[in-house]
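The structure appears below as structure tokens.
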Protein chains: 2
Amino acid sequence: MPPDAPPTCDPQTDLTADAQPDRFQRAREAQAVALLEDYVEMIGDLIAEHGEARVADIAQRMGVAHPTATKAVSRLKREGLAVSRPYRGVFLTEDGAALADRVRQRHRVVVDLLVAVGVPRETAELDAEGIEHHVSDATLHAFEGFLDAKG
Amino acid sequence: MPPDAPPTCDPQTDLTADAQPDRFQRAREAQAVALLEDYVEMIGDLIAEHGEARVADIAQRMGVAHPTATKAVSRLKREGLAVSRPYRGVFLTEDGAALADRVRQRHRVVVDLLVAVGVPRETAELDAEGIEHHVSDATLHAFEGFLDAKG
DNA sequence: TTCGAAATGTAGCCAGGGCTTTATTCCGTG
DNA sequence: CACGGAATAAAGCCCTGGCTACATTTCGAA
């Protein structure tokens, strides 16, 4: 087939095709921060429950081995989201705590929306874990509007 | 703080804490297949448009360098989703084509649902790219039910 | 007070998914 | 029909995020 003008090329197809690289790059970036968000939220939870976040607890809740959690904490420290001293618990910086709050709230909205459109609560919790990281501010706002209008 | 019974531990908190590792592992697995799904869908699109999928086209649409696309195709071949001969175009196996169809349909449903709850179409397209991979069959079914009920 | 178990940290490995650079192969054109 | 540019492949690098194995520190209990 020639490389120039194939038969099945309508304008709309071309438009979406052109826009695709950006979409995928955006999705890739979102997934890069997703793990950081999860760790920050979880550390926030642990601090709220236990007063501090131990690496062992983080690892256990994330379902990973201890060194993996340690590495993640290192990244958080590098990003200025957490602080810790050797053989001591992990704590969030102001930025980290703010991020944790935002993530937690977004998670709640996503779950509520899924439930509102008929997803069983348990399934909603499961899927939200992956979905939430790809919900933009605009979409989150729309979700809140829909939930307000509905109830 | 002692490691046993901290003050802020109510039963519900403990339940969600126990369930968390599974949730995160599930989300990690979903993200592992996400890229494969994207590539398969895109190859399906290219075949529909041009009769074949060239590595250069795949790379351009995914927004990656050519070798990255080649590697991805290798993975698809290893997974039995695609076939190709050296210096020739890439084609989907039966499994690959079926997966592409499922992915495409799921993408459409997710976009429609986002629009239905008030997300602007353009934003919906952007966010759906990341969201769709974390939408389980149960959630997808609920989405379809909601869309049917709505109109 | 000492000692051993548990927690933390470190090192090194693997696979995935990006990248650039360099070698091949293909194919249209002169 | 030979050649040169474009497409593909191959090789090698980086970072992330898992893992295991091993070293170190802490801390409660004997």
Side-chain angles (χ1 to χ4, degrees), chain A residues 1-4 21-40 42-43 46 50-79 81-91 130 133, chain B residues 1-4 21-22 24-40 42-43 46 50-79 81-91 129-130 133:
Chain A
M1 186 157 294
D4 47 328
D22 299 327
R23 295 227 308 264
F24 287 117
Q25 276 167 356
R26 198 165 161 284
R28 281 198 294 269
E29 286 163 21
Q31 107 81 6
V33 297
L35 257 204
L36 280 279
E37 290 179 347
D38 281 338
Y39 275 102
V40 163
M42 165 139 314
I43 291 171
L46 286 167
H50 301 148
E52 69 175 350
R54 314 294 304 261
V55 169
D57 296 338
I58 298 170
Q60 189 248 316
R61 289 222 186 160
M62 289 295 298
V64 299
H66 319 121
T68 302
T70 301
K71 260 200 214 177
V73 170
S74 300
R75 238 171 303 138
L76 292 180
K77 289 166 75 172
R78 203 197 317 147
E79 304 277 337
L81 297 171
V83 289
S84 76
R85 295 195 336 258
Y87 295 96
R88 291 279 107 110
V90 179
F91 300 90
H133 301 291
Chain B
M1 185 156 297
D4 45 329
D22 299 327
F24 287 116
Q25 278 167 355
R26 198 166 160 284
R28 280 199 294 272
E29 286 162 22
Q31 107 82 7
V33 297
L35 258 203
L36 280 278
E37 290 179 348
D38 281 338
Y39 275 102
V40 163
M42 167 139 313
I43 291 171
L46 286 168
H50 301 149
E52 70 174 349
R54 312 295 304 261
V55 169
D57 295 338
I58 298 170
Q60 189 247 318
R61 288 223 187 160
M62 289 295 297
V64 299
H66 317 122
T68 302
T70 301
K71 258 203 216 175
V73 170
S74 301
R75 241 172 301 136
L76 293 180
K77 289 166 75 172
R78 201 193 326 140
E79 304 278 336
L81 297 170
V83 290
S84 75
R85 295 195 337 258
Y87 295 95
R88 293 278 106 112
V90 179
F91 300 91
E129 201 61 64
H133 301 289

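From a predicted model like this one, the values you see are computed outputs, not experimental measurements. Heavy-atom basis, side chains included; hydrogens, waters and symmetry copies ignored. Here is the naming used below: chain letters follow the sequence lines, and residue numbers restart at 1 for every chain.
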Rounded to whole angstrom units, what separation is found between the [atom1] atom of [X] and the [atom2] atom of [N]?
X     : N      : atom1 : atom2 : answer
A/F91 : C/dT8  : CZ    : P     : 12 Å
A/Q60 : D/dG18 : CD    : P     : 16 Å
B/Q31 : D/dG18 : CD    : P     : 9 Å
B/R28 : D/dT16 : CZ    : C1'   : 13 Å
B/R26 : D/dG18 : CZ    : P     : 17 Å
A/H66 : D/dA23 : NE2   : P     : 18 Å

With heavy-atom distances below 4.5 Å as the criterion, would you say the side chains of A/I43 and A/L81 are in contact?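 Sidechains of A/L81 and A/I43: no contact.
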Flag the pair B/M62 / B/M42 as yes when at least one side-chain heavy-atom distance between them is below 4.5 Å, and no otherwise.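 Side chain of B/M62 against side chain of B/M42, heavy atoms only: contact under 4.5 Å found.
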Taking the nucleotide of DNA chain D with the nearest heavy atom to each, does B/G89 or B/Q25 sit closer to the 5' end?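 Mapping each residue to its closest nucleotide by heavy atoms, the 5'-most match is B/G89.
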Filter on side chain to side chain donor-acceptor pair (under 3.5 Å), then keep only pairs touching residues 81-91 of chain A, sequence neighbours left out; what's left?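 Side chain to side chain donor-acceptor pair (under 3.5 Å) check on residues 81-91 of chain A returns A/K77-A/S84.
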For [X], what residues pass the side-chain contact (heavy atoms from CB on, under 4.5 Å) criterion, not counting sequence neighbours?
X     : result
A/Q25 : A/D22, A/R28
A/T68 : A/Y39, A/V64, A/A65
B/A56 : none
B/A34 : B/H133

For the atom pair CD1 (B/I58) and CG (B/D38), what is the distance rounded to the nearest 0.5 Å?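 So the gap between those two atoms works out to 12.5 Å.
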So how far is it from B/R61 CZ to B/L46 CG, rounded to the nearest 0.5 Å?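 Taking CZ in B/R61 and CG in B/L46, the distance rounds to 4.5 Å.
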Nucleotide-resolved protein contact map, nucleotides 2-7 of chain C, B/S/- at heavy-atom distance under 4.0 Å: -----S
From C-beta outward on A/R88, which listed nucleotide comes closest to its side chain: D/dC27, C/dG9, D/dG18?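 The listed nucleotide nearest to A/R88's side chain is D/dC27.
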Review item, nucleotides 12-16 of chain C N/O atoms under 3.5 Å of protein N/O:
{"unit_1": "C/dG16", "atom_1": "OP1", "unit_2": "B/R78", "atom_2": "NH1", "d": "3.3"}

Can you tell me if B/T68 touches the phosphate of C/dC19, counting only side-chain N or O atoms and a distance under 4.0 Å to OP1 or OP2?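 B/T68 to C/dC19 OP1/OP2: side-chain N or O found under 4.0 Å.
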